[in-house]
Every structure is written in structure tokens, then in C-alpha cells.
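To start, the structure under review is shown below, and the notes come after it.
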2 protein chains.
Amino acid sequence: MGKQITEMLKGTLEGIVLALLATAPAYGYEITARLREQGFEDIVEGTVYALLVRIEKRGLVDVEKVPSEQGPPRKVYSLNASGRTQLDEFWTTWGFLATRIDQLKTEGR
Amino acid sequence: MGKQITEMLKGTLEGIVLALLATAPAYGYEITARLREQGFEDIVEGTVYALLVRIEKRGLVDVEKVPSEQGPPRKVYSLNASGRTQLDEFWTTWGFLATRIDQLKTEGR
DNA sequence: ACTAGTAGATAGTATTGCCAAGTACTGGGG
DNA sequence: CCCCAGTACTTGGCAATACTATCTACTAGT
């Protein structure tokens, strides 16, 4: 996949991460790994950490430091009420966009 | 809609415009109007014109100047072979992303 | 001592959409 | 005659966000 996916992820990656956190709290390294498993092969740790800092500053997640058996302590993020609201808005916006784009696709033949 | 849609459009707006041009050649003002009709109320002319300049520079469209009965001459853009290839790639990338996000949505309950 | 794996942070860059203002042309109202 | 609305395109500056590259810190195995 080229750089198209990079630009498409702007605005959606945050929602994707919020959705992941909605299923269970997680820490950065883990989130990166999950994204990779799910097909987002080229998403890089730096991107995820920066995003997590951002959503923490906006108060969408609660953070807890948990010692790790291996390596430095983990910062475990869990979605709070604000985050769930934001996630709902994400689904609304996504639905809006996806509907219109899918419509364009079917019109295109 | 908040600023979420703004970020989401990054990377998708180009594909949307290419898809519009795939149905018929069009000029900037017209494209802006069509987008507005289709629900993208807050897309601004400046954004569309800048995008058109970009895809022209990348050789995805052919341009023809056509005199208008009212106002300055129109720059009519039509998708060429390169543009159609790019559009195909857009649909592939979009399919990839949409599949994964929809999957996250259904998992989320 | 060295390497690999885990875990996080950050400075700099590029892309892209938005905002705001300006240019150019036509036709109608005061 | 001047101003305004509508059509049509241009441009300079700003903000958000993903990527690149590099760095720190800790543990375990060779």
C-alpha cells in the first residue's frame, strides 16, 4: 500500500485506537502490536505514542502506570466517559463519510 | 459535524473528486457545488481548487479552458489514464480501511 | 559484553484541509 | 454611474496529523 493509506489514516486512526480501547484497556506497545496484527503493517510506534499523548491531553482516557516484568513500566490507557462520547461521534462521522463514498462507488458504473 | 470530518477528508477528498470526475468532466466551481449537494456542506472552494492544482501537477487529469457565459473562463478537468489508475488504487485502499473499521465496529459490542 | 525484545519519548518533515482575502467578469437595482 | 450578487479561479498563512529517525531504559539470553 502506498502513501494513500497514510493520508487516509489521518482522522481515522484516532477512532480506530479509541475503538480498540473500548474493548479493553491497553498500553502503547500492545496497541501498536494489535494494529499490526489487524493488517496495519506499517503503523509505527512513534505514531501511536504521539496519538496516545494527544488523547490523554484531551481527557479522553485515564492512565495508569503498571510495572512490567520486562522493560520499563507500561502506561495503560482506558477509555473514560469523554472518550466514549468521542468514539460515538467518530462512528457518526465515519458513517456519514462511508455512506457517501460507497454511494459514489456504486454510481461510478 | 465537528473537526473530525476535516481530518477524515484528508486522504479521502482526493478520491472523492477523482470519482466525481470519473462520471463526467467538470470544473472547480461545479465540483464544489456538487460536493455541497451531496452533503459535504462545509467544503470550501479554496480546498477544491488547491486539490485540483495538485492532481493536475501529478498528471492525473487533463485540463481544458472553456469560456463561460458568466464570469471568467472555466478550467474543465477530465480524468485521464493515470487518474483512472489512481482512482482504482483509491478504491483498493478505501476497501482495506473500511473493512477493518467496520470489523472493529461489530466487535465493539 | 553484546544482542534482541519490551516500552516509551521526541524533534523535525510533509501532506492536506481550512480561513481569509483578492482578482476578474456579467447583469440588475438604486 | 456605482454597487452588489453570482460565477469562477487564485493564493498566503495556519492547524492537525502521520511518518522518519533517533534516543532512553530495562531484562534476558548468548
Side-chain angles (χ1 to χ4, degrees), chain A residues 1-18 25-36 40-58 60-61 63-77 86 90 93 97, chain B residues 1-18 25-36 40-58 60-61 63-77 86 90 93 97:
Chain A
M1 208 110 9
K3 61 182 63 159
Q4 268 190 334
I5 190 71
T6 292
E7 292 307 320
M8 262 191 221
L9 283 172
K10 292 187 181 180
T12 52
L13 185 57
E14 180 182 305
I16 292 170
V17 169
L18 292 178
Y27 55 96
Y29 194 79
E30 188 187 2
I31 293 171
T32 308
R34 278 203 211 158
L35 288 172
R36 294 244 177 88
F40 299 101
E41 304 281 343
D42 38 356
I43 285 184
V44 141
E45 289 169 63
T47 300
V48 175
Y49 287 120
L51 192 157
L52 290 172
V53 167
R54 235 151 51 215
I55 64 179
E56 182 187 353
K57 269 187 191 152
R58 287 200 282 145
L60 307 180
V61 286
V63 189
E64 195 190 357
K65 253 197 178 137
V66 176
S68 163
E69 315 83 47
Q70 217 174 17
R74 299 167 173 168
K75 281 179 75 176
V76 175
Y77 294 84
Q86 181 74 9
F90 170 74
T93 309
L97 184 62
Chain B
M1 208 107 14
K3 62 183 63 161
Q4 268 189 336
I5 190 70
T6 291
E7 292 306 320
M8 264 189 221
L9 283 173
K10 294 187 182 180
T12 51
L13 185 57
E14 180 183 305
I16 292 170
V17 169
L18 291 178
Y27 55 96
Y29 195 79
E30 190 187 0
I31 294 171
T32 307
R34 278 204 211 157
L35 289 171
R36 294 244 176 88
F40 299 101
E41 303 281 342
D42 37 356
I43 285 183
V44 141
E45 288 169 65
T47 299
V48 175
Y49 288 117
L51 192 158
L52 290 172
V53 168
R54 235 154 46 218
I55 64 179
E56 182 187 353
K57 269 186 193 152
R58 287 200 283 144
L60 307 180
V61 287
V63 189
E64 196 190 357
K65 253 196 177 140
V66 177
S68 164
E69 315 82 49
Q70 216 174 17
R74 298 167 173 168
K75 282 178 74 177
V76 175
Y77 295 84
Q86 181 74 10
F90 170 74
T93 308
L97 185 62

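Convention: sequence-line order gives letters A, B, ...; per-chain numbering from 1.
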Quick one: does A:R36's side chain have a donor or acceptor within less than 3.5 Å of a partner on A:I43's backbone?
yes
For B:E56, check salt bridge (Lys or Arg N to Asp or Glu O under 4.0 Å) against everything at least two apart and list the hits.
B:K75
All N/O pairs under 3.5 Å across the protein-nucleotides 15-21 of chain C interface:
{"from": "C:dT15", "atom 1": "O2", "to": "A:K10", "atom 2": "NZ", "distance (Å)": "2.6"}
{"from": "C:dT16", "atom 1": "O2", "to": "B:K10", "atom 2": "NZ", "distance (Å)": "3.1"}
{"from": "C:dG17", "atom 1": "OP1", "to": "B:L9", "atom 2": "O", "distance (Å)": "3.3"}
{"from": "C:dG17", "atom 1": "OP2", "to": "B:R54", "atom 2": "NH2", "distance (Å)": "2.4"}
{"from": "C:dC18", "atom 1": "OP2", "to": "B:T47", "atom 2": "OG1", "distance (Å)": "2.8"}

Using atom CZ of A:R36 as one end and atom P of C:dA7 as the other, report the distance to the nearest whole Å.
14 Å
Side chain proximity check, B:L52 to B:I31, heavy atoms < 4.5 angstrom
yes
Compare side-chain N and O positions of A:Y29 against OP1 and OP2 of C:dT6 and report whether any pair is under 4.0 Å apart.
yes
My understanding is that only residues two or more places apart in sequence, or in another chain, count here; which of them pass ring pair (Phe, Tyr, Trp, His ring centres under 6.0 Å) with A:F90?
none
B:Y27: side-chain hydrogen bond (donor to acceptor under 3.5 Å, both in side chains) partners, not counting sequence neighbours
B:R74
Step-by-step side-chain contact (heavy atoms from CB on, under 4.5 Å) determination, B:L18 to B:Y77:
CA-CA 10 Å; B:L18 291 178; B:Y77 295 84; over 6 Å; no
All N/O donor-acceptor pairs, side-chain side in residues 10-17 of chain A, below 3.5 Å, sequence neighbours left out:
{"from": "A:K10", "atom 1": "NZ", "to": "A:E7", "atom 2": "OE1", "distance (Å)": "3.2"}
{"from": "A:T12", "atom 1": "OG1", "to": "A:M8", "atom 2": "O", "distance (Å)": "2.9"}
{"from": "A:T12", "atom 1": "OG1", "to": "A:L9", "atom 2": "O", "distance (Å)": "3.2"}
{"from": "A:E14", "atom 1": "OE1", "to": "A:R58", "atom 2": "NH2", "distance (Å)": "2.5"}
{"from": "A:E14", "atom 1": "OE2", "to": "A:R58", "atom 2": "NH2", "distance (Å)": "2.8"}
{"from": "A:E14", "atom 1": "OE2", "to": "A:Q86", "atom 2": "NE2", "distance (Å)": "3.4"}

Taking all atoms of both residues into account, what is the closest heavy-atom pair of A:V48 and A:G28, and its distance?
CG1-O, 4.0 Å
Listed in order of residue number, which residues of residues 69-77 of chain B have a non-hydrogen atom at under 4.0 Å from DNA chain D?
B:Q70, B:G71, B:P72, B:P73, B:R74, B:K75
First and last nucleotide of DNA chain D touching chain B, 5' to 3', heavy-atom cut-off 4.0 Å?
D:dT7 to D:dT17
Nearest heavy-atom neighbours spanning A:R34 and A:P25
NH2-O, 4.3 Å
Looking at residues at least two apart in the chain, or sitting in another chain, which of them share a side-chain hydrogen bond (donor to acceptor under 3.5 Å, both in side chains) with A:Y49?
none
